[in-house]
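Below you'll find the structure, written out as structure tokens, and then a few comments.
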Amino acid sequence: PQTPNPKPQTPNPEKDLNFAVDWSAMSKKDEKFTLAKFCESIERFDDMFKYTLEGLELSERIEQADLDLLTSACRNTLAPRRKAIRHLNSKEFSSNSGAREIRGILEKLIVSITSSTRNIIQTKLLSLAKGVVERVTLLKLLSDLQRYDIEVDSENKIAYTKLAEKEYIKALAEAEEGLSAVHSLRLGLSLKFAVFYYELMENKKKATEVAKKAFDDAVAEMSDKVELQRESNSYMQILKDNLTRWTSELEEEENKHSS
């Protein structure tokens, strides 16, 4: 007789670490971050997010690596849910009651993630962030979280949109004051802000202004740079492509109005 297949076991990240780790030499904070990184490697992103927040709660100081982990945890937990909601909002699903129920569950999960992240940033992390890169990273993340709330809460869209714009303006002001125009964080923030104006506020003129300033400022500094970071180059190209398209769209609209 065949032996029945054993029931699959749900991995437990606290027990499944199969690489050498000296737990006795670690602080509680570092234990949480180690677990978070392991969870990321096995794509258990909800656990990654959980351990990252727990590690940050235990932190008395923060480093950029900690904030990169938080940013990655947010992205990994939110991206598939945001993508699923976009599918559920399509014509094929919008009239189905089951799809609406699933969408409601996903929206609550997204709000839970954005709320808990926003809370720890505002109540703890910003006060611990001493460097401009750390502060801009947190302010950028706050802006992005507000934008994600807009996507899932149409009733408060106007209020959330104003809050998101305010957060982006604050983040970009600090970035422009403290970071080089070719810094990847500043360029990425400018790109996000421009796309926010274009997609969510449907303000092509503002989007173009933000993108053009970021691109022109970077070009003005490039003569002093031997080589740009690969990420900065990528942002520059996207900004340039968006500027070309948005400027063309604005010109077409102006021609229609004048004819």
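Heavy atoms only: backbone and side chains are in, while hydrogens, waters and symmetry mates are out.
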Self-check item: side-chain contact (heavy atoms from CB on, under 4.5 Å) evaluation trace for V132 with E177
Solution: CA-CA 9 Å; V132 63; E177 182 178 346; over 6 Å; no

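With hydrogens and angles ignored, the 3.5 Å screen pairs a side-chain donor or acceptor of S27 with a backbone N or O of D30. The main-chain N or O of T114 is never found under 3.5 Å from a side-chain atom of T117 such that the two would form a donor-acceptor pair. Under the 3.5 Å distance criterion, the side-chain polar atoms of T52 are left unmatched by any main-chain donor or acceptor of A36.
Annotation: salt bridge (Lys or Arg N to Asp or Glu O under 4.0 Å) contacts of R75 (sequence neighbours excluded): none. Listed by chain and residue number, E63 satisfy the salt bridge (Lys or Arg N to Asp or Glu O under 4.0 Å) test with R61 (two or more places apart in sequence, or in another chain).
Contact record, R135 with L126: NH1-O, 3.6 Å, taken as the closest heavy-atom pair. Summarising the geometry of A214 relative to S190, their closest heavy-atom pair is CB-CB, 3.4 Å, with the distance given to 0.1 Å. For the residue pair L189 and A175, the shortest heavy atom distance occurs at CD2-CB, 4.0 Å. Looking at every heavy atom in both residues, L187 comes nearest to A218 through CD2-CB, 4.1 Å. Scanning both residues, E40 and F45, for their nearest heavy atoms gives O-CE2, 3.8 Å. Minimum interatomic distance between L172 and F193 (heavy atoms only, all atoms of both residues): CD2-CD2, 3.8 Å.
Judged as a salt bridge (charged side-chain N to carboxylate O under 4.0 Å, His left out), the pairs with a partner in residues 178-190 (not counting sequence neighbours) are, in order, R186-D217. Evaluation of the side chain to side chain donor-acceptor pair (under 3.5 Å) test over residues 121-134, restricted to residues two or more places apart or in two chains, returns none. For residues 93-116, every residue pair satisfying the salt bridge (charged side-chain N to carboxylate O under 4.0 Å, His left out) rule, not counting sequence neighbours, is listed here: R103-E107.
Y198 and E202 are not linked by any side-chain donor-acceptor pair at a separation below 3.5 angstrom, with hydrogens and angles left out of the test. No hydrogens or angles considered: nothing links the side chains of D241 and T244 as a donor-acceptor pair under 3.5 Å. Donor-acceptor pairing under 3.5 Å is lacking for the side chains of N255 and E251.
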Return all side-chain donor-acceptor pairs below 3.5 angstrom for residues 163-171, not counting sequence neighbours, or 'none' if the list is empty.
| from | atom 1 | to | atom 2 | distance (Å) |
| --- | --- | --- | --- | --- |
| E165 | OE2 | Y197 | OH | 2.7 |
| Y168 | OH | D144 | OD1 | 2.6 |
| Y168 | OH | R147 | NE | 3.1 |

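A continuous path of ILVMFWY side-chain contacts below 4.5 Å connects F33 to F49, so both sit in one hydrophobic cluster. Residues L139 and V195 fall into different hydrophobic clusters, defined by Ile, Leu, Val, Met, Phe, Trp and Tyr side chains chained together at heavy-atom separations under 4.5 Å. Hydrophobic cluster membership is shared by I110 and L145, with clusters built from Ile, Leu, Val, Met, Phe, Trp and Tyr side chains linked at under 4.5 angstrom.
Salt bridge R81/D46: present, at least one basic N to carboxylate O contact under 4.0 Å. K29 has no carboxylate O lying under 4.0 Å from a charged side-chain N of E60, or vice versa, which leaves the two without a salt bridge. Electrostatic pairing of R245 and E249 counts as a salt bridge here, judged by a charged N lying under 4.0 Å from a carboxylate O.
Counting heavy atoms from C-beta on, the side chains of Y51 and L56 never come closer than 4.5 Å.
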